[in-house]
Protein chains: 2
Amino acid sequence: MNRETSALSEGYPFLPLSRNGLVDRVAHSLVSAILSGAIRPGERLAESHIARQMDLSRAPVREALRLLESSGLVEYRTNRGFFVRVNSARSIGDLYELRIVIETAAVRALTLTNPDALPGLRAKVDELYQLAEAGADMMSHVSVDMQFHRLICEGSGNQRFLQVFDQIANETKLGLLVIGRLYDDPHRMAETHEPIVDAIAAGDADAAAAAIAYHIGVAKDLVTEHIGKQQEAGET
Amino acid sequence: MNRETSALSEGYPFLPLSRNGLVDRVAHSLVSAILSGAIRPGERLAESHIARQMDLSRAPVREALRLLESSGLVEYRTNRGFFVRVNSARSIGDLYELRIVIETAAVRALTLTNPDALPGLRAKVDELYQLAEAGADMMSHVSVDMQFHRLICEGSGNQRFLQVFDQIANETKLGLLVIGRLYDDPHRMAETHEPIVDAIAAGDADAAAAAIAYHIGVAKDLVTEHIGKQQEAGET
DNA sequence: GTCAAGAAGATTGTCGACAGACGACAAAAC
DNA sequence: GTTTTGTCGTCTGTCGACAATCTTCTTGAC
């Protein structure tokens, strides 16, 4: 604390300089590979291969994988290694119901105690419209959508809500990206967020809760339906 | 964890056995030490010391600690190591609100779709009465109480609810045990579970949800109040 | 042709070692 | 006396090696 304040008061122009280590970088790299589809669900993640490819030892790779495991992207089997988790339609359905439960409570708290969060939410919806206008890819849409929902959890004032959201965020993204396309008209994705923002703006917590529950419920149906079809079809 | 439950549901009389061994055993051992108070919040957990004491290398210890980190018992700081997490009253309050949200949804689902779970819940309440009768210690009470709540999440049919519950279970226990004593009369702990079970038995989901929300809410107030006092007093 | 047993290869589990980072304390400068 | 600088011990970050374990392929019997 002393160091910080003195540095600030003396006005040094230095940034904290990210001291995040190797493990974080490896983890991030793996997440990108999985979410981009370069590594597909069910595929094995051999520590040695990854280590060799990244030109480092197995230890940091192993730790990064353990990190991904706790965020649900990857599954670990004793003496067999790590695998990209493959989710059933049921499991994804459960995931969305968890999101409904969490985000309903979050939006309620936000509406009642933190109206200042509204501009940030509005900005995200605008961003979604712009992406639709520009014909952006699915990845970008999903990313901004998740940012919107994260802002809701963050604005609830309950750190635990945010913690749970972050823990399932990557898994949700993976579920979405496997599908390839969610709405036929990309504008719909932006539009479906309007009722939530309107209810918050009106200060109506019940309406906001109902709106977000409906919003996530619709997404749930779309996603589980798609995945159900995929699993019927693509059994190799 | 999954292994344990599946073994239990299949009714094998075997203990988990050291199938995965080391890492799990180390993790379990550390959890016990923390929950028993042998290692106190804020204390540093030096890998080398633990490894030497358990007569093994640092690698499995490190992995076990990372495991505990994802369950919130332990906190990691880059280049500084692991510390037992010390929770503010606020943080514990948030934790209980998360529990209200999750378990309310869980008990609702359970009441509507899975009445077969009732006998198991009744048995846990009986167990609580027996513990009170026998004058058992706080640890035993807390343990059975948590088993009751876990059964509710399990009975909801939504694996994600159970997953979140398991993730915060140890932290909840720690919060409780730090206090030392929750209810003056140990019978009260058993009694406060009755309305929940009754509502489930009546098939009234709304009543069950209200009952469990009230039940956890009371516990929340007790715990946060205790912790608030402790933090005022015990600033060394 | 099918199945089982065993050998060979590959991958994980654990270890000990060394380099780098951090905190504490001592020494020096003002 | 206070602040800065230098030094030291301890702990983490990463590595390469070896043992234990799983998977695959081969071999042989029926």
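Chain A is the first sequence line, chain B the second, and so forth, proteins listed ahead of strands; every chain is numbered from 1.
The CG-C1' distance, from Leu56(A) to dG16(D), rounds to 13 Å in whole Å. In this structure, CZ of Phe83(B) is placed 11 Å from C1' of dG23(C), rounded to the nearest angstrom. Between Arg52(B) atom CZ and dG16(C) atom C1' there is a gap of 13 Å when expressed in whole angstrom units.
Looking at which nucleotide of DNA chain D each of Ala59(A) and Arg80(A) is closest to, the 5′-most match is held by Ala59(A). When each of Ser57(B) and Arg44(B) is assigned the nucleotide of DNA chain C bearing its nearest heavy atom, the one mapping closer to the 5' terminus is Ser57(B).
Taking side-chain N and O atoms only, Arg77(B) has no distance below 4.0 Å to OP1 or OP2 of dT12(D). Close to dG13(D), at under 4.0 Å from its OP1 or OP2, lies a side-chain N or O of Tyr76(B). Phosphate proximity of dT12(D) to Ser48(B): present, with a side-chain N or O under 4.0 Å from OP1 or OP2. In terms of phosphate contacts, Arg58(B) brings no side-chain nitrogen or oxygen within less than 4.0 Å of OP1 or OP2 of dG13(D).
Here the nucleotide nearest the side chain of His49(A), chosen from dT11(C), dG13(C), dT12(D), is dT11(C). Here the side chain of Asn79(B) is nearest to one of dT12(D), dC15(D), dT12(C), namely dT12(D).
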Apply salt bridge (charged side-chain N to carboxylate O under 4.0 Å, His left out) to Glu97(B) and Arg160(A), showing your working. CA-CA 9 Å; Glu97(B) 249 161 63; Arg160(A) 304 289 178 165; over 6 Å; no
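Contact detail for Asp145(A) and Leu128(A): the closest heavy-atom pair is N-CD2, 4.2 Å.
As judged by a 4.0 angstrom heavy-atom cut-off over every strand, Ile50(B) is placed among residues making no nucleic acid contact. Backbone-only engagement by Leu45(B) is indicated by non-hydrogen atom pairs under 4.0 Å involving sugar-phosphate atoms exclusively.
Heavy-atom neighbours of Gln159(A) CD from other residues, nucleotides or ligands within 6.0 Å: at or below the threshold of 12. Within a 6.0 Å sphere centred on CD of Gln53(A), heavy atoms belonging to other residues, nucleotides or ligands number 12 at most.
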